[in-house]
Amino acid sequence: MLAKIEQLLQEIDGLTAHSAEELEALRIKYLSKKGAINDLMADFRNVPADQKKAVGMKLNELKNKAQERIATLKEAFENQDNGTAELDLTRTAYPIELGTRHPLSIVRNEIIQIFSRLGFTIADGPEVEDDWHVFSSMNFPEDHPARDMQDTFFIESHPDILLRTHTSSVQSRVMEVSQPPIRVICPGRVYRNEAISYRAHCFFHQVEGLYVDKNVSFTDLKQVLLQFAQEMFGPETKIRLRPSYFPFTEPSAEMDISCDICGGEGCPFCKYTGWVEILGCGMVDPAVLEANGIDSKVYTGYAFGMGVERITNLKYKVKDLRMFSENDTRFLKEFEAAN
């Protein structure tokens, strides 16, 4: 038996484990009820009386050594796990909830998807612009009210630099570097010097569109806008175009859609008219084409522009524009199902 004990002592000295499963297998092999050490303990009664003291001491040494070796290997695994697991001390103690898309982002993305299916690509431009791209290239007269400080944020040290008041500046930048056919939409944030209230803000979001090619007509514009309205608000939606004025389009129109609350019958939301205005549009003024390097005798085009907040209000009946920029999570959670 002494020879068997010595053999096990040597085995235990060289014990290693590369996983928790291997360590558990070693514990079972040596220290469990059916393990090698327990078997030796059971045979101890067969040891001659004159050898019991020596064998008993060796058995205790073997058992203690096995327990210490298994414990050392276990501690090494635990230290290794603690070393590789990084503790984020800035993390909150409660589970972090998943966020949702902002309602303006939801509607903007839907608008982009609709016009993308109609062949429009996305164009982008700077929010800090110059007078030429915002006003002059868009056929704004020198004395136009939009140039007044009451409507526009100008950079004090550079009177020709301003925060763009519409994304038409992106249309100008596209036309001056491209030749028709041009078919783009220009989503982005714009700024106007207005008092903040439930129906107005000093910044808001627009999506404008531009199509320039040969033989583009007002009928083409009407059909595209009808398709957009029916995809955005439902297949039963009707549109109407009312004559209007914009410096950069001629003829110009404002587009209304049939009220989706009352079905055109009249209600407080549509002020009992059955119609709700959603955007402005028109044929690109030839002066705008010429100012941006496009021959107006060869090409024609149409343009349109809408406020994302306005479309969002119509879809979700949000009555106060300020709610879009207050970051109230209670308000934002109402749009979880729309994501």
Side-chain angles (χ1 to χ4, degrees), residues 107-108 110-123 125 134-135 137-140 144 146 164-175 180-188 190 192 204-233 237-260 270 273 275-289 291-292 294 296 299-315:
V107 172
R108 181 198 60 198
E110 188 173 356
I111 294 172
I112 290 173
Q113 289 170 5
I114 292 172
F115 283 107
S116 294
R117 292 195 294 269
L118 295 174
F120 289 79
T121 58
I122 299 176
V134 175
F135 294 130
S137 66
M138 289 288 110
N139 201 36
F140 280 79
H144 195 280
R164 66 184 182 188
T165 59
H166 49 200
T167 54
S168 300
S169 58
V170 182
Q171 298 180 22
S172 174
R173 288 186 174 274
V174 170
M175 286 189 285
I182 297 171
R183 194 195 300 255
V184 296
I185 53 173
C186 314
V190 299
R192 294 183 187 176
F204 53 99
H205 302 79
Q206 285 186 335
V207 176
E208 296 197 23
L210 173 70
Y211 178 40
V212 180
D213 203 350
K214 295 179 180 179
N215 303 317
V216 176
S217 69
F218 202 94
T219 301
D220 299 322
L221 170 62
K222 181 180 179 181
Q223 187 58 43
V224 164
L225 295 181
L226 175 62
Q227 181 72 23
F228 162 73
Q230 291 182 341
E231 288 203 35
M232 176 61 72
F233 299 102
T237 303
K238 299 178 182 179
I239 68 171
R240 73 175 184 182
L241 298 169
R242 294 178 287 104
S244 187
Y245 166 76
F246 302 109
F248 36 84
T249 53
E250 179 59 37
S252 303
E254 291 181 343
M255 190 181 92
D256 304 329
I257 62 168
S258 54
C259 180
D260 60 345
C270 63
T273 65
W275 298 93
V276 181
E277 177 192 343
I278 67 166
L279 59 83
C281 61
M283 299 300 295
V284 179
D285 193 302
V288 173
L289 295 176
N292 290 281
I294 295 176
S296 63
Y299 298 104
T300 56
Y302 62 68
F304 56 85
M306 67 191 78
V308 178
E309 281 84 349
R310 177 66 170 166
I311 304 298
T312 307
N313 282 345
L314 294 175
K315 284 184 69 68

Any donor-acceptor pair under 3.5 Å linking the side chain of R310 with the backbone of E277?
yes
Counting only heavy atoms not in K315 (residues, nucleotides, ligands), do more than 12 fall under 6.0 Å from its NZ?
yes
To the nearest 0.5 angstrom, please state how far the CE atom of M306 sits from the CZ atom of R108.
14.0 Å
For residues S137 and S172, report the shortest heavy-atom separation together with the two atoms involved.
OG-OG, 2.9 Å
Could you tell me whether the side chain of Y302 reaches within less than 4.5 Å of the side chain of V224, counting heavy atoms only?
yes
For E231, what residues pass the salt bridge (Lys or Arg N to Asp or Glu O under 4.0 Å) criterion, not counting sequence neighbours?
R117
Nearest 0.5 angstrom please: C281 SG to L221 CG, how far?
4.5 Å
G305 to E208 - nearest heavy-atom pair and separation:
CA-CG, 3.9 Å
Under a 4.5 Å cut-off applied to non-hydrogen side-chain atoms, are I122 and I185 in contact?
yes
Closest non-hydrogen atom pair between G125 and V170, with its separation:
N-CG2, 3.8 Å
Spatial distance of atom CG (D220) from atom OH (Y211) [nearest 0.5 Å]:
6.5 Å
Beyond-backbone contact of V288 with M138, side-chain heavy atoms, under 4.5 angstrom
yes
When you compare the side chain of T249 with that of D285, does any pair of heavy atoms fall below 4.5 Å?
no
Return the minimal non-hydrogen interatomic distance between I294 and P180, and the atom names on each side.
CG2-CG, 4.0 Å
Which of these passes ring pair (Phe, Tyr, Trp, His ring centres under 6.0 Å) with H166: F140, F304, F246, F204?
F140
